[in-house]
Chemist: 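Pasting a structure here, questions to come.
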Amino acid sequence: MTVITRFAPSPTGFLHIGGARTALFNWLYARHNKGKFLLRVEDTDRKRSTSEAVQAIFDGLSWLGLEHDGAAVMQSEGAERHAALAHQLLDAGKAYHCWCTPEELSEMREKAKAEGRSMRYDGRWRERDPGEAPKGVAPVIRFKAPLDGETVIDDLVQGPVRTANEQLDDMILLRSDGTPTYMLSVVVDDHDMQVSHAIRGDDHLTNAARQTQLFLALGWKVPRYAHIPLIHGSDGAKLSKRHGALAVGAYAEMGILAEAMCNYLLRLGWSHGDDEIISREQATEWFDLASVGRSPARFDMDKLLNLNGHYIRHAEDSRLLADIKPHLAKFLGHDADPAAFPRLKSLLPSLKPRANSLVELAEKSLFLFHQRPLAMDKKAAKLIHAGSQAIIAKLLIELEDAEPWSIEGLEALIRSFADSQSLKVGMVAQPLRAILTGTTASPGIFEVLFSLGREESLNRLRDHTGEVPS
RNA sequence: GACCCCUUCGUCUAGAGGUUAGGACACCACUCUUUCACAGUGGAGACACGAGUUCAAUUCUCGUAGGGGUCGCCA
């Protein structure tokens, strides 16, 4: 049997990390089993679905690198078939009309709640004569669910989950306007798309029982279910905008690399011994549902950032150079000067271990792009005084004829200069750093000098020794 | 409220009927060092509680507590 999984988001919002992880798991499971990963947009609720959200889902998936097989299915396009099946069930006596108004139903729920009973539909039209139907009320079609016995789902993550059928009420299949509900549509589409494994959030666990009943009533094979625990916020509560229920695009804006995001999401709920850094290839080879945990996990930005730092350190320079541009522009307020890019290119190896995100990488690269004279932050300014000015002035003269202008050459020159002045290297390097970068923290000073180049370095130094640049 | 699911360091997790309960992030210290990082070494830090089964339970069973989910003409 070929494995067919699907990711079935509803386009009523953006693709957040919970959905992203669900998509990842489905993708991985399909790829691991050399099966297919399908995408279905559950836009049954036309009122709340937006094309922007559909686009955001596509964009999010493509950023994560989770390409689906075949064309994406828009669930609303199957509405006619879904409705036809509802009528088929009606004809077969497995469904019935219900003339309850929304008001009547909410009254029913209120009453049940007040009396401490469960708030299910009480099946009042199940056996009632349609002749008693009120005039002017369009009926819905409800599923005639079994009244006794139990429905068992052998969940691939949760294990066997038994639900007494009396806990499940007669769900609506077709709305009064004749459109199918989600409950009907998923079942029909999962069947039509030959989905073999439905991997989705825990919040669908109770739905699985109802859907199983529907599959059975239709005489179809029930797919295997795998309900993965939800991701919670850092405070243990449901994910909110405050801590992670952001569109995956927001993470891209925060300078998170897609592979770091995937690695992080993968380890949230799934494990392979003590492995932490797991490549896409490795994940595809190792992924299984048996190793998916059953308890909800909290979202931890620190760990994501740490992982991101690892991927940045190991990323190709050329790729980083391209990815960093928008972030640089954001800081600068305009596009970064292309003429200064060679500086960034040469300093990148030293910058990489110092950043956990592209934003941080851009921020730490900023001094390479700043126009002279550079502004200094407070700590840096403190390093500049008469004593250090004198040291820099002397060093400046040596730097003018430094040969070669290479990292090694500069290191040798500065070390012997410090030696000749009976100074510790730090006494020279720190003021130098303050002047060259405007800050007290930067990559090694020899690298900085080298990347800036002789001319720019000397000019920045002259800005501080009072000498007019030539 | 009813039903369902969950519970190992602060967080993500490994683990097995007998282990010094392992790793990662975060935290602290040290090493490296021109600053900041990276890297390395070390440290502190957990089996929710109560019964039961067993020679032995953190691991199996049942309760309790806590957390989460579902109960829409939403998906």
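Atom set for the values below is all heavy atoms of this structure, side chains included, hydrogens, waters and symmetry mates excluded. So you know, we letter chains A, B, ... as the sequences are listed, proteins then strands, and number each from 1.
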Chemist: Roughly how many Å apart are B/C74 and B/U64, using the P atom of each and rounding to a whole number?
Modeler: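 Per the computed distance, 37 Å lies between those P atoms.
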Chemist: Write down the distance between OH (A/Y311) and P (B/C38), rounded to a whole number of angstrom.
Modeler: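 Distance check: A/Y311 OH to B/C38 P gives 18 Å.
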Chemist: Nearest-Å distance, CZ (A/R294) to P (B/U8)?
Modeler: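 To the nearest whole Å, that distance equals 12 Å.
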Chemist: Using atom C1' of each nucleotide, how far apart are B/C47 and B/A21 to the nearest Å?
Modeler: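 My reading of the C1' atoms in B/C47 and B/A21 gives 8 Å.
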Chemist: Is A/H204 stacked on the base of B/A75 when the test is centres under 5.5 angstrom and planes under 30 degrees?
Modeler: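 Stacking is present between B/A75 and A/H204, given that their ring centres fall under 5.5 Å apart and the planes under 30°.
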Chemist: Would you mind classifying the nucleic acid contact of A/C100 as base, sugar-phosphate or nothing, using non-hydrogen atoms under 4.0 angstrom?
Modeler: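 The answer is base, as A/C100 lies within the cut-off (heavy atoms under 4.0 Å) of a base atom.
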Chemist: Would you indicate which nucleotide in B/C38, B/C73, B/G1 comes nearest to any side-chain atom of A/M119?
Modeler: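 Closest nucleotide among those given: B/G1.
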Chemist: Taking the P atom in each of B/C62 and B/G72, what is the distance between them to the nearest angstrom?
Modeler: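 It works out to 30 Å between them.
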Chemist: Say you pick atom P in B/A51 and the same atom in B/G43; how far apart are they, in whole Å?
Modeler: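 Taking atom P in both B/A51 and B/G43, they lie 34 Å apart.
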Chemist: Using the C1' atom as the point on both nucleotides, what is the distance between B/C12 and B/G17, in whole Å?
Modeler: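 B/G17 and B/C12 have their C1' atoms separated by 26 Å.
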Chemist: Is there a Watson-Crick or G-U wobble partner for B/A14 with both distances under 3.5 Å, and if so, which one is it?
Modeler: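 For B/A14, the partner nucleotide comes out as none, under the 3.5 Å rule.
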Chemist: Looking only at atom C1', what distance separates B/A46 and B/U11, rounded to whole Å?
Modeler: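 To the nearest whole Å, 12 Å.
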Chemist: Going by purine N1 to pyrimidine N3 plus the second Watson-Crick contact, or the G-U wobble pair, all under 3.5 Å, which nucleotide sits opposite B/A2?
Modeler: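 B/A2 is paired with B/U70.
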Chemist: Just the rounded figure in Å: distance from P of B/C12 to CZ of A/F299.
Modeler: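 About 12 Å, once rounded to whole Å.
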Chemist: Which nucleotide in the list B/G72, B/U34, B/G68 gets nearest to the side chain of A/R109?
Modeler: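 Of the options given, the side chain of A/R109 lies nearest B/G72.
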Chemist: Under a 3.5 Å limit for both distances, which nucleotide forms a Watson-Crick or G-U wobble pair with B/A56, could you say?
Modeler: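 With both distances under 3.5 Å required, B/A56 matches none.
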Chemist: Does A/T181 place a side-chain N or O at less than 4.0 Å from the phosphate oxygens OP1/OP2 of B/C73?
Modeler: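 The answer is no; no side-chain N or O of A/T181 sits under 4.0 Å from OP1 or OP2.
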Chemist: Regarding A/L174, tell me which of base, sugar-phosphate or nothing describes its non-hydrogen contacts under 4.0 Å with the strands shown.
Modeler: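 Nothing, no heavy atom under 4.0 Å.
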Chemist: What is the nucleic acid contact for A/T163, judged by heavy atoms within less than 4.0 Å: base, sugar-phosphate only, or nothing?
Modeler: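 Result for A/T163 = nothing.
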Chemist: Please report, rounded to the nearest Å, how far the C1' atom of B/C38 is from the CZ atom of A/R354.
Modeler: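 Result: 7 Å.
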Chemist: Could you tell me how far apart A/L156 (CG) and B/C5 (P) are, to the nearest whole angstrom?
Modeler: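 A/L156 atom CG is separated from B/C5 atom P by 16 Å.
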Chemist: Atom CG of A/D154 to atom P of B/C5: distance rounded to whole Å?
Modeler: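 Rounding to the nearest Å, CG of A/D154 and P of B/C5 are 13 Å apart.
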Chemist: Taking atom types as modelled, is there a side-chain donor on A/S442 or A/R433 under 3.5 Å from an acceptor on the other?
Modeler: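 Looking only at side-chain atoms, A/R433 and A/S442 do form a donor-acceptor pair, the distance falling under 3.5 Å.
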Chemist: Under 4.0 Å, counting only non-hydrogen atoms across every strand here, what does A/P443 touch: a base, just sugar-phosphate, or nothing?
Modeler: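 Answer is base: heavy atoms of A/P443 come under 4.0 Å of a base.
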Chemist: Taking A/R354 first and then A/E360, would you say they form a salt bridge - that is, a charged N and a carboxylate O separated by under 4.0 Å?
Modeler: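 A salt bridge is absent here (no side-chain N lies under 4.0 Å from a carboxylate O).
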Chemist: Checking all strands, does A/Y264 fall into the base, sugar-phosphate, or nothing category for heavy-atom contacts under 4.0 angstrom?
Modeler: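 Since no nucleic acid heavy atom lies under 4.0 Å of A/Y264, the category is nothing.
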Chemist: Could you work out which one of B/U7, B/U35, B/U34 sits closest to the side chain of A/S295?
Modeler: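 The closest nucleotide is B/U7.
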Chemist: When the ring centroid of A/H232 is compared with that of A/F299, is the distance short of 6.0 Å?
Modeler: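 Between A/F299 and A/H232, which both carry aromatic rings, the centre distance is not below 6.0 Å.
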Chemist: Could you tell me whether A/Y96 and A/W125 have their ring centroids closer than 6.0 angstrom?
Modeler: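 Not under 6.0 Å, so no.
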Chemist: Applying a 4.0 Å non-hydrogen cut-off, can you work out what A/G269 is touching in the nucleic acid: base, sugar-phosphate, or nothing?
Modeler: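 The answer is sugar-phosphate, as A/G269 gets under 4.0 Å only of primed atoms, P, OP1 or OP2.
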Chemist: Produce a footprint string for nucleotides 21-32 of chain B: one letter per nucleotide, 5' end first; B if the base is under 4.0 Å from any protein heavy atom, S if only the sugar-phosphate is, - if neither.
Modeler: -BBBSS------
Chemist: So that I know where these two stand, are A/F143 and A/Y121 an aromatic pair - ring centroids less than 6.0 Å apart?
Modeler: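 Ring-ring flag for A/F143/A/Y121: false, centres at least 6.0 Å apart.
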Chemist: Mark yes or no for a side-chain to base donor-acceptor pair under 3.5 Å between A/N207 and B/A75, with no hydrogen or angle criteria applied.
Modeler: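 Answer is yes: a donor-acceptor pair is held.
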Chemist: When both hydrogen-bonding distances must be under 3.5 Å and the geometry is Watson-Crick or G-U wobble, what is B/C49 paired with, if anything?
Modeler: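 When the pairing criteria are applied, B/G63 turns out to be the nucleotide that pairs with B/C49.
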Chemist: Looking at A/D190 and A/R40, is there a salt bridge between them, counting it only when a charged N and a carboxylate O are closer than 4.0 Å?
Modeler: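 Here A/R40 pairs with A/D190 in a salt bridge, since their nearest N and O are under 4.0 Å apart.
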Chemist: Considering heavy-atom distances to RNA chain B, does A/R120 or A/H272 have its closest nucleotide positioned more toward the 5' end?
Modeler: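 The answer here is A/H272.
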Chemist: Among residues at least two apart in sequence or on other chains, which ones pass salt bridge (charged side-chain N to carboxylate O under 4.0 Å, His left out) with A/R454?
Modeler: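 Partners of A/R454 by the salt bridge (charged side-chain N to carboxylate O under 4.0 Å, His left out) criterion, ordered by chain and then number, come out as A/E403.
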Chemist: Does any nucleotide pair with B/A37 by Watson-Crick or G-U wobble geometry, both distances under 3.5 Å, and what is it?
Modeler: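 Per the H-bond distance test, none.
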Chemist: Please state whether the phosphate of B/U34, meaning OP1 or OP2, lies under 4.0 angstrom from any side-chain nitrogen or oxygen of A/R415.
Modeler: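 Indeed, a polar side-chain atom of A/R415 lies that close.
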Chemist: What nucleic acid atoms does A/T12 come within less than 4.0 Å of, heavy atoms only: base, sugar-phosphate, or nothing?
Modeler: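 The residue A/T12 makes no contact with any strand.
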Chemist: Are the aromatic ring centres of A/H16 and A/F14 under 6.0 angstrom apart?
Modeler: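 Not close enough - the centres of the two rings lie 6.0 Å or further apart.
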Chemist: Any strand counts, and the cut-off is 3.5 Å on both contacts for Watson-Crick or G-U wobble. Which nucleotide pairs with B/A21?
Modeler: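 Checking every strand shown, B/A21 finds no partner, since no pair has both distances under 3.5 Å.
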Chemist: Say you pick atom C1' in B/G67 and the same atom in B/C27; how far apart are they, in whole Å?
Modeler: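 Going atom to atom, C1' in each nucleotide, I get 26 Å.
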Chemist: What's the closest nucleotide to the A/R433 side chain, out of B/A39, B/U13, B/U35?
Modeler: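 The closest nucleotide is B/U35.
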Chemist: For A/P296, report the nucleic acid contact type (base, sugar-phosphate, nothing); a contact means any heavy atom under 4.0 Å.
Modeler: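 Counting heavy atoms under 4.0 Å across all strands, the contact made by A/P296 is with sugar-phosphate only.
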Chemist: Select base, sugar-phosphate, or nothing to describe what A/L205 touches, counting heavy atoms under 4.0 Å on all strands.
Modeler: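 Sugar-phosphate, no base atom in range.
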Chemist: Please compare A/L105 and A/T206 by the position of their nearest nucleotide in RNA chain B and report the one closer to 5'.
Modeler: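 Result of the comparison: A/T206.
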Chemist: Expressed as a whole number of angstroms, how long is the span from A/F446:CZ to B/U35:C1'?
Modeler: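 After rounding, the gap between these two atoms is 11 Å.
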Chemist: Do we see a donor-acceptor contact under 3.5 Å between the side chains of A/N165 and A/T151?
Modeler: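 Present: a donor and an acceptor within the cut-off.
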Chemist: Once you apply the 3.5 Å cut-off to both distances, tell me the Watson-Crick or G-U wobble partner of B/G42, or none.
Modeler: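 Check on B/G42: paired to B/C28, both distances under 3.5 Å.
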Chemist: Under a 3.5 Å cutoff, is there a donor and acceptor pairing between the side chains of A/H82 and A/D189?
Modeler: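 A/H82 vs A/D189: donor-acceptor pair found between side chains.
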Chemist: How far does the C1' atom of B/U19 sit from the matching atom of B/A14, given to the nearest Å?
Modeler: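 It works out to 13 Å between them.
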Chemist: Which nucleotide, B/G69, B/A75, B/C73, lies nearest any side-chain atom of A/M183?
Modeler: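 Nearest nucleotide to the side chain: B/A75.
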Chemist: In whole angstrom, what separates A/L351's CG from B/U35's C1'?
Modeler: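 Rounded to whole Å, this separation is 14 Å.
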Chemist: For the rings on A/F331 and A/F369, is their centre-to-centre separation under 6.0 Å?
Modeler: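 No, they do not, as the ring centres are separated by 6.0 Å or more.
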